[in-house]
Amino acid sequence: MAELHFFTGTMDSGKSTLALQTNHNHAARGRVGRIFTTHDRAGEATLSSRLGLTLEATEVASDFDFWNYVVRSLTAGSRIDYMICDEAQFYTREQIDQLAKVVDELQIDVFAFGILTDFRSNLFAGSARLVELADRMNVLQVEALCWCGKRATHNARTENGVMVVEGDVIVVGDVDEMDAVPADVAYEVLCRQHHRRRLTAARAKAVSLAPEPLPFG
Ligand SMILES: Nc1ncnc2c1ncn2[C@@H]1O[C@H](COP(=O)(O)OP(=O)(O)O)[C@@H](O)[C@H]1O
Ligand SMILES: Cc1cn([C@H]2C[C@H](O)[C@@H](COP(=O)(O)O)O2)c(=O)[nH]c1=O
């Protein structure tokens, strides 16, 4: 039986790497797959991992219809055994419904990868629908860590080094590996407590370096 799988984790937890590995393992056994992504950091129609691997993909625009695409491909004589869907948090609810229909009606496995929540810690539309519909939901085993050493569960957005909680939901960017000069827009993974307190690595460092108040008397 085909299944709808959802693999999730914070930014930088290895989702795109797993997407590429999943594709590799299925292709190595002679299965035929299709690769999809949207808004990848490496540019349009590209699935990229921070480990350096990239793969050509179909770019999923907001009006892309998975059901029509698959039916048209099969009618034209193509074979599709599985689909790899990266950055699935950005897909619309309708697109996730189409993927579920592809699994149920056409017996094609779908492997979707994406982050659960945005920089304000609200569920992304695509991820929320995946949580509702997936046959299997898997949390990535490689844990991204907060600066304090705890498991990171939240994605923070920074603008010029300062954490923000307002702005557009979709802003492509990367985790700022403590660059000397912070990027205009960057992301940092944090534990819930530090996300709540807006305490990024840079702010925690600044606070710890602040001079002690002089003792009175
Ligand atoms: N230089 C490196 N050496 C070893 N592992 C690395 C290196 N750079 C990144 N990684 C691994 O790659 C992971 C990020 O992979 P990626 O697939 O791009 O994540 P995601 O798609 O979840 O954002 C990191 O969690 C880390 O384990
Ligand atoms: C939290 C958050 C992230 N994004 C963007 C930033 C990246 O381009 C992708 C996530 O990619 P990854 O492979 O999981 O690192 O999503 C965004 O647009 N809005 C957000 O709130």
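Just so it is clear, the values below take in all heavy atoms, side chains as well, and ignore hydrogens, waters and symmetry mates. In each ligand, atom 1 is the first atom listed, and ligand 1 is the first ligand listed.
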Heavy atom of protein closer than 4.0 angstrom to atom 25 (O) of ligand 1: yes
Atom 1 (C) of ligand 2: the protein heavy-atom neighbour that sits closest, reported with distance to 0.1 Å: N155 CB, 3.4 Å
Residue R50 vicinity, atoms of ligand 1 by number, heavy atom under 4.0 Å: 16 (P), 18 (O), 19 (O), 20 (P), 23 (O)
Non-hydrogen atom of R50 closer than 4.0 Å to ligand 2: yes
Which residue and heavy atom of the protein sit nearest atom 18 (O) of ligand 2, plus the separation: V171 N, 2.8 Å
side-chain contact (heavy atoms from CB on, under 4.5 Å) between M83 and V70, intermediate numbers included: CA-CA 10 Å; M83 292 159 69; V70 172; 3.9 Å; yes
Ligand 1 versus D86: contacting region, heavy-atom distance under 4.0 Å: neither
Protein heavy atom at shortest distance from atom 16 (O) of ligand 2: F90 CZ, 3.3 Å
Numbering as shown, the atoms of ligand 1 that approach T17 to under 4.0 Å (heavy-atom distance): 15 (O), 16 (P), 17 (O)
Test item, G14 contacting ligand 1 (heavy atom, 4.0 angstrom): yes
For the student: nearest non-hydrogen atoms of N155 and M11, plus distance: OD1-N, 2.9 Å
Distance filter under 4.0 Å to S49 heavy atoms, resulting ligand 1 atoms: 18 (O)
Taking atom 12 (P) of ligand 2 as the reference point, the nearest protein heavy atom with its distance: R41 NH1, 3.6 Å
Minimum-distance protein heavy atom relative to atom 4 (N) of ligand 2: Y187 OH, 3.4 Å
Modelled atom types, side-chain donor and acceptor of S49 and T17, under 3.5 Å: yes
Shortest protein heavy-atom distance from atom 10 (C) of ligand 2, along with the residue and atom involved: E87 OE1, 3.6 Å
For R157, atoms of ligand 2 separated by under 4.0 Å from a heavy atom: 19 (N), 20 (C), 21 (O)
Whether F90 and H39 hold their rings parallel, tilted or perpendicular, with breakpoints at 30° and 60°: perpendicular
Donor-acceptor side-chain pairing of S48 and D40 below 3.5 angstrom: yes
Shortest protein heavy-atom distance from atom 21 (O) of ligand 2, along with the residue and atom involved: F119 N, 2.8 Å
Protein heavy atom at shortest distance from atom 7 (C) of ligand 2: G173 O, 3.3 Å
Side chain H5, main chain F113, donor-acceptor under 3.5 Å: no
Inter-residue atom distance T46.OG1 - E56.CD, 0.5 Å rounding: 7.5 Å
Minimum non-hydrogen distance to atom 20 (P) of ligand 1, winning option of M11, Q21, K15: K15
Contact bool for atom 7 (C) of ligand 1 (protein heavy atom, d < 4.0 Å): yes
Cluster link F66 to F111, ILVMFWY, side chain under 4.5 Å: no
For L116 against F6, the heavy-atom pair lying closest together: CD2-CE2, 4.0 Å
Interfacing atoms of ligand 1 (cut-off 4.0 Å, heavy-atom, S13): 19 (O), 20 (P), 22 (O)
Donor-acceptor side-chain pairing of Q89 and E87 below 3.5 angstrom: yes
Nearest candidate to atom 19 (N) of ligand 2, where distance is taken over non-hydrogen atoms, out of V169, T17, D12: V169
Residue pair S16, L47: steps toward the side-chain contact (heavy atoms from CB on, under 4.5 Å) verdict: CA-CA 7 Å; S16 300; L47 194 171; 4.0 Å; yes
